[in-house]
Amino acid sequence: MSIDFPYPIPSGWFPVVAGADLDAGAARRLQAFDRELVLFRTESGEAAVLDAYCPHLGAHLGVGGKVEGEALRCPFHGWRFGSDGGCLEVPYAKRIPPAARARSYPTCERNGFVWAWYDPDARAPFFDIPTIPQVGSPGWVETFRRTWRIRSQIQEMGENGADSAHFPAVHGSAAVPPSEAKNDGAHRRAIQYTEVDTSRGRAKNVIEVNSFGLGLGYTHFTGICETISLNCMLPIDAETTDLTVVFLQPAGTEDRGIARAICRDLERQVGEDIPIWEHKRYLKRPVLCDGDGPIADYRRWCLQFYPGFTDA
Ligand code: FES
Ligand SMILES: [Fe+2]
């Protein structure tokens with residue numbers, strides 16, 4: 001079956017909140033995956049995501065729902081649900097109806113974010129989000145964090161990395177950077193070689209991007225100033241994506257002018273991409289040329305995140 005644009009929400013792990021922004025005992029409404037959801041953290045610290053509408057009479061569990069211990073109590077008639085979505089208590093009934101269950105989304109907490117697993121067919125996770133060693137390490141400091149809400153589809157934004165030929169036109173790079181990419185299941189590793197002019201002459205940079213599904217891109221820049229960038233993408237609906245970018249730099253380098261200049265430059269690049277993403281249209285059969293980056297290869301890799309589809 002062939003996919004029509006806008007694509008459905010892909011399978012994968014997606015960042016639903018920064019871990020520090022969700023206190024134990026907190027519950028809130030979450031709009032993501034083209035659905036209404038409730039996000040909460042139990043008293044013991046486990047983060048959970050459930051479909052928002054209570055299976056009893058449809059109250060929104062994220063609007064007035066209260067965490068009690070390891071469970072969430074619905075604001076309407078007080079039914080209590082565990083983090084797996086199962087109903088634990090109906091305060092005024094002798095028997096809990098077997099169908100009293102809210103769909104739950106597997107979660108994990110890594111690299112400073114709570115990640116929720118979404119799959120259109122509710123299949124179990126088929127890959128992992130890795131722990132990135134620099135995040136939280138005393139040798140590295142966070143030097144930048146910002147979230148943009150962008151009217152674009154998550155796969156379109158990810159295609160930016162494979163699209164080497166846009167770097168001179170959009171970002172002012174001196175030339176189209178040579179690149180190579182390798183796919184290994186849900187993991188894709190792409191390397192680009194760039195050269196930049198600095199006050200001390202021409203410097204070589206290597207940019208290694210590791211993608212784990214469409215929700216996390218982890219970029220390691222080496223060369224004039226080592227920088228890690230986490231690109232965390234959450235599909236809100238089929239045509240809206242939240243992009244959170246975090247930069248890390250080695251402790252002790254972050255006050256150097258060059259380190260700050262790199263952060264400013266990378267932030268500027270996102271700003272340059274956004275108007276293109278928000279106004280372009282997806283072409284299923286683009287006219288590509290020999291100088292383009294591995295765009296077709298990227299699209300083939302993406303297909304695995306759309307169960308049931310065999311052609312992009
Ligand atoms: S609607 Fe949730 S308990 Fe009734
Ligand atoms: Fe770009």
Side-chain angles (χ1 to χ4, degrees), residues 12-24 26 28 30 32 39 41 45-47 49 107-117 128-150 154 157-158 160-161 171 187-192 194 196 198 203 205-236 241-274 277:
W13 289 104
F14 300 101
V16 290
V17 70
D21 293 341
L22 187 66
D23 292 335
R28 70 168 73 146
L30 169 68
L39 165 69
R41 196 189 281 288
E46 187 193 352
V49 175
T107 59
C108 69
E109 207 148 348
R110 303 244 203 297
N111 311 316
F113 289 89
V114 174
W115 303 83
W117 172 263
D128 268 335
I129 286 290
T131 297
I132 295 166
Q134 293 89 347
V135 180
S137 145
W140 290 75
V141 285
E142 182 176 317
T143 51
F144 177 88
R145 177 179 291 245
R146 181 168 168 188
T147 300
W148 290 263
R149 175 153 293 189
I150 300 169
I154 187 167
M157 292 163 55
N160 192 72
H171 303 307
H187 174 208
R188 177 178 169 88
R189 180 166 174 264
I191 300 188
Q192 279 179 354
T194 63
V196 286
T198 72
N205 278 323
V206 179
I207 304 173
E208 176 177 338
V209 186
N210 285 282
S211 302
F212 298 88
L214 298 179
L216 172 64
Y218 149 59
T219 306
H220 197 161
F221 300 85
T222 45
I224 47 176
C225 180
E226 198 177 4
T227 303
I228 299 280
S229 159
L230 305 188
N231 286 7
C232 304
M233 292 199 276
L234 172 66
I236 304 301
T241 304
D242 277 3
L243 167 65
T244 300
V245 174
V246 179
F247 297 150
L248 304 167
Q249 292 175 314
T253 68
E254 72 274 18
D255 289 330
R256 286 168 50 203
I258 187 76
R260 286 205 293 259
I262 284 177
C263 291
R264 276 197 306 274
D265 188 58
L266 294 174
E267 181 185 14
R268 175 184 58 82
Q269 291 193 25
V270 179
E272 290 166 343
D273 284 321
I274 288 173
W277 290 334

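We number each residue from 1, following the sequence as shown.
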Hits for ring pair (Phe, Tyr, Trp, His ring centres under 6.0 Å) against His187, two or more places apart or cross-chain, chain-then-number order -> Phe212
Any side-chain heavy atom of Asn231 within less than 4.5 Å of one from Val270?
no
Check the pair Thr222, Asn205 against side-chain contact (heavy atoms from CB on, under 4.5 Å), reporting the backbone distance first and the verdict last.
CA-CA 6 Å; Thr222 45; Asn205 278 323; over 6 Å; no
Once you round to the nearest 0.5 Å, how far does OG1 of Thr241 lie from CD1 of Ile154?
5.5 Å
Gap separating the CD1 atom of Ile191 from the CD1 atom of Ile207, nearest 0.5 angstrom:
11.0 Å
Atom CG in Asp273, atom CH2 in Trp148: separation rounded to 0.5 Å?
10.0 Å
What's the separation between atom CZ in Arg268 and atom CD in Glu272, rounded to the nearest 0.5 Å?
4.0 Å
Given Ile228, which partner from the list Gln249, Glu142, His220 fulfils the side chain to side chain contact (heavy atoms under 4.5 Å, CB included) test?
His220
Using side-chain heavy atoms (C-beta onward) and a distance below 4.5 Å, is Val246 in contact with Phe113?
yes
Could you pull out the closest heavy-atom pair between Ala26 and Leu22, with the gap in Å?
CB-CD1, 4.2 Å
Evaluate Ile262 against Ile224 for side-chain contact (heavy atoms from CB on, under 4.5 Å), listing each step before the verdict.
CA-CA 9 Å; Ile262 284 177; Ile224 47 176; 4.1 Å; yes
Tell me, do Ser229 and Val245 make a side-chain contact under 4.5 Å, heavy atoms counted?
yes
Taking every heavy atom of Asp128 against every heavy atom of Trp13, the minimum-distance pair comes out as CA-NE1, 4.0 Å
Which pair of heavy atoms, one from Ser137 and one from Pro133, lies closest together, and at what distance?
CB-O, 3.4 Å
Considering only residues two or more places apart or on different chains, which pairs with a residue in residues 216-232 satisfy salt bridge (Lys or Arg N to Asp or Glu O under 4.0 Å)?
none
Test log, rule side-chain contact (heavy atoms from CB on, under 4.5 Å), inputs Asn111 and Tyr218
CA-CA 11 Å; Asn111 311 316; Tyr218 149 59; over 6 Å; no
Under a 3.5 Å cutoff, is there a donor and acceptor pairing between the side chains of Thr244 and Asp242?
no
Checking ring-ring contact (aromatic ring centres under 6.0 Å, His included) against Phe247, which of Trp140, Phe144, Phe221 comes through?
Phe144
How many angstroms lie between CZ in Arg28 and CG in Asp21, if you round to the nearest 0.5 Å?
6.5 Å
Return the minimal non-hydrogen interatomic distance between Pro235 and Phe14, and the atom names on each side.
CD-CD2, 3.4 Å
Salt bridge (Lys or Arg N to Asp or Glu O under 4.0 Å): which pairs involve residues 207-222, sequence neighbours left out?
Arg189-Glu208
So, Asp265 versus His171: side-chain donor-acceptor pair below 3.5 Å or not?
no
Closest non-hydrogen atoms of Leu243 and Met157, given as atom of the first, atom of the second and distance, are CB-CE, 4.0 Å
Where do Glu109 and Gly19 come nearest, in terms of heavy atoms and distance?
OE2-CA, 3.5 Å
State the SG-CD1 distance between Cys225 and Ile258, to the nearest 0.5 angstrom.
7.0 Å
